[in-house]
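Let me begin by presenting the structure, written as structure tokens, before commenting on it.
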Amino acid sequence: MVSRMPSPSTAPSGVVESMFHRLVSRRARVREVESVGDAFRLVTIEGEDLEGRRWTPGDMIQIGFAGLAGRAYTPLSFEPRTGTATFLGFVHGQGIASNWLASATMGEPLFLVGPRSALDLAAVDRPLFFFGDETSFSTAAALRATPEGIREVAFSFEVESTEASRIALDRIGVTNGVTLTAREPEAVHLDRIENELMRALLAEPRTRCVFTGKAPSIQRLYKAVRRAGISAKQVTNVAYWAPGRKGFSGVQR
């Protein structure tokens, strides 16, 4: 059973924390939470503070937790007219965000920052090779809101469970051109992903690459494409997490 960690701070008790929320945070609430299997939650939030806000597919929102901790999520859709945003969250481990996702309830108040610029998916040319993991699913789905949609996009994900991941991706409409590769010890599964990437670049050298998710995996693939002579301008790196580290901003590098 997953133990409940502190929820997003709705009534900050510390002076610094309270001042921070008053100055920079926007208020919202959980409108709906849908369990997509055991490992994912499809969360819709809403709030007057989000109405009329500009959003570009790939932008992020950062939800504030007690103690000034924050975790960033990429909405797969955003409706400024009604101030609603939807994202798919991955429940894994015992971190503050995963425990909140596992126990989030309808009507729960939130403090958040954003939407803020992170990765401009609308500016990424096609064809596109999109790499990531479970934390990248919502970003992948946000491509559907770009002018070109998911046309000429090859999705490659490293995942814990191919079955659970397929169910989640089907739910958010990422079904075409998807390759799921199960993680293996010593990251040997990345050999297959790297080969897949090289085949895509050989078939079409103009292919743009967007690498998201786990930082060491991104570094491995980035080094591979650079060795292959691919220009750094063709590659966008957005690390969402790394083992043993917290507080990634998820901003384009």
Side-chain angles (χ1 to χ4, degrees), residues 55-60 72-78 86-88 90 115-159 162 165-166 168-183 189-241 248-253:
W55 176 73
T56 298
D59 285 355
M60 293 184 133
Y73 295 95
T74 303
L76 56 90
S77 65
F78 185 87
T86 300
F87 63 88
L88 183 74
F90 180 42
R116 60 183 178 84
S117 178
L119 166 62
D120 186 356
L121 292 173
V124 180
D125 295 331
R126 307 296 196 272
L128 169 63
F129 186 96
F130 183 100
F131 167 79
D133 58 19
E134 295 94 338
T135 65
S136 310
F137 288 178
S138 199
T139 306
L143 277 164
R144 299 175 63 206
T146 65
E148 296 190 74
I150 56 176
R151 182 181 64 85
E152 292 189 88
V153 179
F155 297 99
S156 181
F157 300 105
E158 58 171 343
V159 298
T162 57
S165 295
R166 184 72 67 183
L169 289 168
D170 286 349
R171 176 63 185 85
I172 60 176
V174 180
T175 57
N176 297 326
V178 175
T179 300
L180 298 176
T181 303
R183 293 187 182 89
H189 63 283
L190 289 177
D191 293 340
R192 296 195 298 278
I193 294 175
E194 184 177 327
N195 290 336
E196 176 191 5
L197 172 59
M198 291 300 107
R199 287 193 298 270
L201 290 170
L202 182 62
E204 178 47 79
R206 296 182 302 107
T207 297
R208 285 290 305 272
C209 301
V210 172
F211 301 150
T212 65
K214 186 178 179 181
S217 299
I218 291 172
Q219 293 167 0
R220 161 84 178 267
L221 296 183
Y222 181 76
K223 290 178 180 178
V225 298
R226 296 295 285 135
R227 286 196 305 268
I230 301 302
S231 169
K233 294 181 180 180
Q234 287 180 239
V235 185
T236 299
N237 300 318
V238 189
Y240 291 159
W241 68 284
F248 270 44
S249 63
V251 176
Q252 177 176 332
R253 300 293 187 223

Min side-chain heavy-atom separation [X]-[Y] under 4.5 Å:
X: Thr146; Y: Arg126; value: yes
X: Thr139; Y: Tyr240; value: yes
X: Val238; Y: Ser136; value: no
X: Val174; Y: Ile150; value: no
X: Trp55; Y: Pro75; value: yes
X: Asp120; Y: Thr236; value: no
X: Leu221; Y: Glu194; value: yes
X: Thr74; Y: Leu119; value: no

Nearest-0.5 Å distance, [atom1] of residue [X] to [atom2] of residue [Y]:
X: Cys209; Y: Ile230; atom1: SG; atom2: CD1; result: 7.0 Å
X: Phe155; Y: Leu169; atom1: CZ; atom2: CG; result: 9.0 Å
X: Lys233; Y: Arg208; atom1: NZ; atom2: CZ; result: 11.0 Å
X: Asn195; Y: Leu202; atom1: CG; atom2: CG; result: 12.0 Å
X: Ser117; Y: Met60; atom1: OG; atom2: CE; result: 10.5 Å
X: Asp125; Y: Gln234; atom1: CG; atom2: CD; result: 10.0 Å

Contact summary for [X] and [Y], nearest pair of heavy atoms:
X: Gly213; Y: Ile218; value: N-CD1, 3.8 Å
X: Ala118; Y: Gly58; value: CB-O, 3.5 Å
X: Val159; Y: Glu134; value: CA-OE2, 3.2 Å
X: Ile172; Y: Ser138; value: CD1-N, 4.5 Å
X: His189; Y: Ala182; value: CB-O, 3.3 Å

Under the side-chain contact (heavy atoms from CB on, under 4.5 Å) rule, what do Arg226 and Val235 come out as? Steps first, then yes or no, please. CA-CA 9 Å; Arg226 296 295 285 135; Val235 185; 5.5 Å; no
Between Ser156 (side chain) and Val178 (backbone), is there a donor-acceptor pair under 3.5 Å?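 No.
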Checking Ser217 against Arg183: is there a side-chain donor and acceptor pair closer than 3.5 Å?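 Result is no, nothing qualifies.
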Between the side chains of Glu158 and Arg220, is the shortest nitrogen-to-carboxylate-oxygen separation below 4.0 Å, so that they form an ion pair?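 So Arg220 does not pair with Glu158 through a salt bridge.
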Using the rule ring-ring contact (aromatic ring centres under 6.0 Å, His included), only one of Phe137, Phe129, Phe211 pairs with Phe157; which is it?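 Exactly one pass, corresponding to Phe137.
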For Asp133 and Phe90, what are the C-alpha separation, side-chain angles and deciding distance, and is it a side-chain contact (heavy atoms from CB on, under 4.5 Å)? CA-CA 10 Å; Asp133 58 19; Phe90 180 42; over 6 Å; no
